[in-house]
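Single-structure report; data block below.
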Amino acid sequence: MFDGYVFTDGSARNVVENGEVTGFQVETLITYYRGIPLSMVHDIELVVDGADVPRDELVISPDGEDWFTLAEAETVTTYRWEYGDPLYVRWLHAGGVPAGEHEVTLRLKIRVAYIPVPFGGERTRLVAV
Amino acid sequence: MSQIKTSVSMYSLQDSYARHRLDLEGVLQFVKDVGAQGVELISDQMITGTPFPSDATVTRWRDALDRSGLAPVCNDIFINSTIYKNRELRVAEQVDLLKRELDVSKRLGFDLVRLVSNTRADVTEAALPYAEQIGMAMALEIHAGMSFQGGLTSEWIRMMRRVQSENLGIVVDFGIFCDRHPRVSTDYFRSIGVTPEVADAVERIYVENGDTMRAFASGDGFGDVSFPPELTALFRSDLDAEFAFFSTGYESTPLDVLDEYFPYIRHFHGKFYEMLEDGTEYSIDYPAILTRLNALGYDGYISSEYEGNRFTPVDQPIHDHEQVRRHQAMLAAHLNDGK
């Protein structure tokens with residue numbers, strides 16, 4: 001139901017910092033109809049060319065400036081992921097992904113008020129880097 | 001002349017907002033242009049920084065609201081009781097969050113909030129003195145799948161009847177009056193691979209029992225369902241069970257509940273899933289509801305709340321503008337039914 005908001009088209013790219021490729025990044029809208037504190041992001045999975053990215057190599061940011069590991073995000077209650085704004089999901093991986101086409105899957109689960117089952121969505125895209 | 005007024009819930013336009021077809025001002029202008037007198041907000045959706053928006057954000061909202069001439073009918077709020085992964089917030093913590101939501105709703109110009117289904121009675125009652133002090137009314141949403149028979153909802157209603165405060169009431173969502181299971185939901189689940197025999201069986205069970213909620217759910221919205229063996233025998237994947245459970249989010253409740261609860265009703269969500277070209281809603285008999293409300297003398301608002309958006313196949317356009325336009329036109333055409 002919210003799959004159409006997962007993994008924004010055209011958002012996949014290698015991250016360049018100080019002339020070095022330090023990771024690979026995608027963006028997504030929320031699988032819900034309102035903004036939430038970042039701590040309500042329940043889980044995120046990134047799969048690149050069939051291989052699961054290790055959970056502790058993923059960081060997320062609601063503004064592209066301050067980044068949190070998924071474990072850290074569990075206590076981040078003062079940063080909001082606003083409805084209609086992207087969440088940045090970055091794989092900290094020196095060299096990023098090699099140039100060329102890749103199959104990338106993003107899975108997202110968030111907690112919602114009063115419903116014990118997290119909402120989620122997923123999307124696979126073929127992306128050219 | 002009917003005293004009923006119409007509003008639009010900004011929920012209806014969530015896709016236009018998320019994909020930047022409309023900004024906040026654009027949403028309000030659209031609501032005005034389709035002929036509504038009022039507007040309903042979900043502050044968590046379109047007011048950035050909620051529950052502590054900046055003064056500039058609040059001013060932007062109030063200026064746009066003033067320019068639109070729309071009445072601020074209701075703000076839909078949530079208590080993030082699941083804000084931590086490892087535990088649910090305790091009552092005192094939830095009361096604090098609820099008070100913040102009341103504060104921000106007041107700043108945004110509202111005097112009524114909708115509490116989401118399954119909001120706890122004890123949390124609400126503990127915040128009531130504060131709500132009374134600042135002049136806010138709190139109304140629990142009576143939503144299909146979690147309506148009158150649900151555990152937390154019935155507990156809340158017992159509290160409301162006992163306390164008898166002007167600042168407590170209910171918001172009835174028309175999704176409890178679904179004579180037919182929304183076919184847009186069935187079509188969506190078919191498009192993502194639900195077993196066709198399961199789709200057919202769920203539709204059939206809905207017809208045979210009035211709805212599927214009473215056939216196999218608890219009414220608490222928590223997924224503790226018991227599907228009949230003839231249905232589970234058809235399941236081929238988790239998606240089949242998900243669809244069957246999802247079908248319990250619609251109810252076919254007799255309109256007599258409107259009579260019973262009328263003194264407590266503060267507002268209505270005019271839920272709709274699919275407005276047809278002939279001006280009818282596929283699942284919900286609006287003329288019958290409006291006739292009953294006019295007989296009762298209802299003089300508040302009905303908000304257009306479009307939920308067909310979520311059943312639009314991935315990458316297909318969501319026709320939220322056209323659907324809201326048709327819904328407001330239908331309400332206008334039937335507003336005096338029974339008068």
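Treat the numbers as computed from the prediction; the structure is a model and nothing was measured. We name chains A, B, ... by the order of the sequence lines, and we start the count at 1 in each one.
At a threshold of 4.5 Å between non-hydrogen side-chain atoms, the residues A:Ile36 and B:Phe78 do not count as touching.
Expressed to the nearest 0.5 Å, how far CD of B:Glu307 lies from CE of A:Met1 amounts to 8.5 Å. Rounding to the nearest 0.5 Å gives a distance of 7.0 Å between OG of B:Ser81 and CE of A:Met40. Separating the OH atom in A:Tyr33 from the OH atom in B:Tyr11 is a distance of 5.5 Å, to the nearest 0.5 Å. Atom CG of A:Asp3 is separated from atom OH of B:Tyr188 by 5.0 Å, given to the nearest 0.5 angstrom. The distance from the CG atom of A:Asp85 to the NE2 atom of B:His20 is 6.5 Å, given to the nearest 0.5 Å. In this structure, the separation between CG on B:Asn80 and OG1 on A:Thr77 is 10.0 Å, given to the nearest 0.5 Å.
Contact between B:Thr82 and A:Val112 at its shortest, heavy atoms only, is OG1-O, 3.2 Å. Heavy atoms only, all atoms of each residue included: A:Pro37 and B:Ile83 are closest at CG-CD1, 3.7 Å. Residues A:Arg34 and B:Asp44 come closest through the heavy atom pair NH1-OD2, 2.7 Å. Nearest heavy atom pair, residue B:Val314 against residue A:Arg123, reads CG1-NH1, 3.1 Å.
Of the atoms belonging to B:Ile318, it is side-chain heavy atoms, and not backbone ones, that fall under 4.5 Å from chain A. For B:Ser185, no part lies under 4.5 angstrom from a heavy atom of chain A. Proximity to chain A is absent for every atom of B:Phe52, based on heavy atoms less than 4.5 angstrom apart.
For CD of A:Glu20, the number of neighbouring non-hydrogen atoms (other residues, nucleotides, ligands) closer than 6.0 Å is 12 at most. More than 12 heavy atoms of other shown residues, nucleotides or ligands fall within 6.0 angstrom of atom CG in B:Asn86.
Using a distance-only test at 3.5 Å, with no hydrogens or angles considered, no donor-acceptor pair links the side chain of A:Arg80 to the main chain of B:Thr48. Here the side chain of A:Tyr83 pairs no donor or acceptor atom with the backbone of B:Tyr17 at under 3.5 angstrom.
Contact count versus chain A (heavy atoms, under 4.5 Å) is highest, among B:Ile42, B:Asp315, B:Ile47, for B:Asp315.
Contact check on A:Asp43 versus B:Lys85 returns no salt bridge, with no Lys/Arg side-chain nitrogen under 4.0 Å from an Asp/Glu carboxylate oxygen.
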**From CA spacing to verdict: side-chain contact (heavy atoms from CB on, under 4.5 Å), A:Glu74, B:Tyr84** = CA-CA 6 Å; A:Glu74 291 176 11; B:Tyr84 295 115; over 6 Å; no
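Side-chain N/O atoms of A:Tyr5 and B:Asp15 include a donor and acceptor closer than 3.5 Å.
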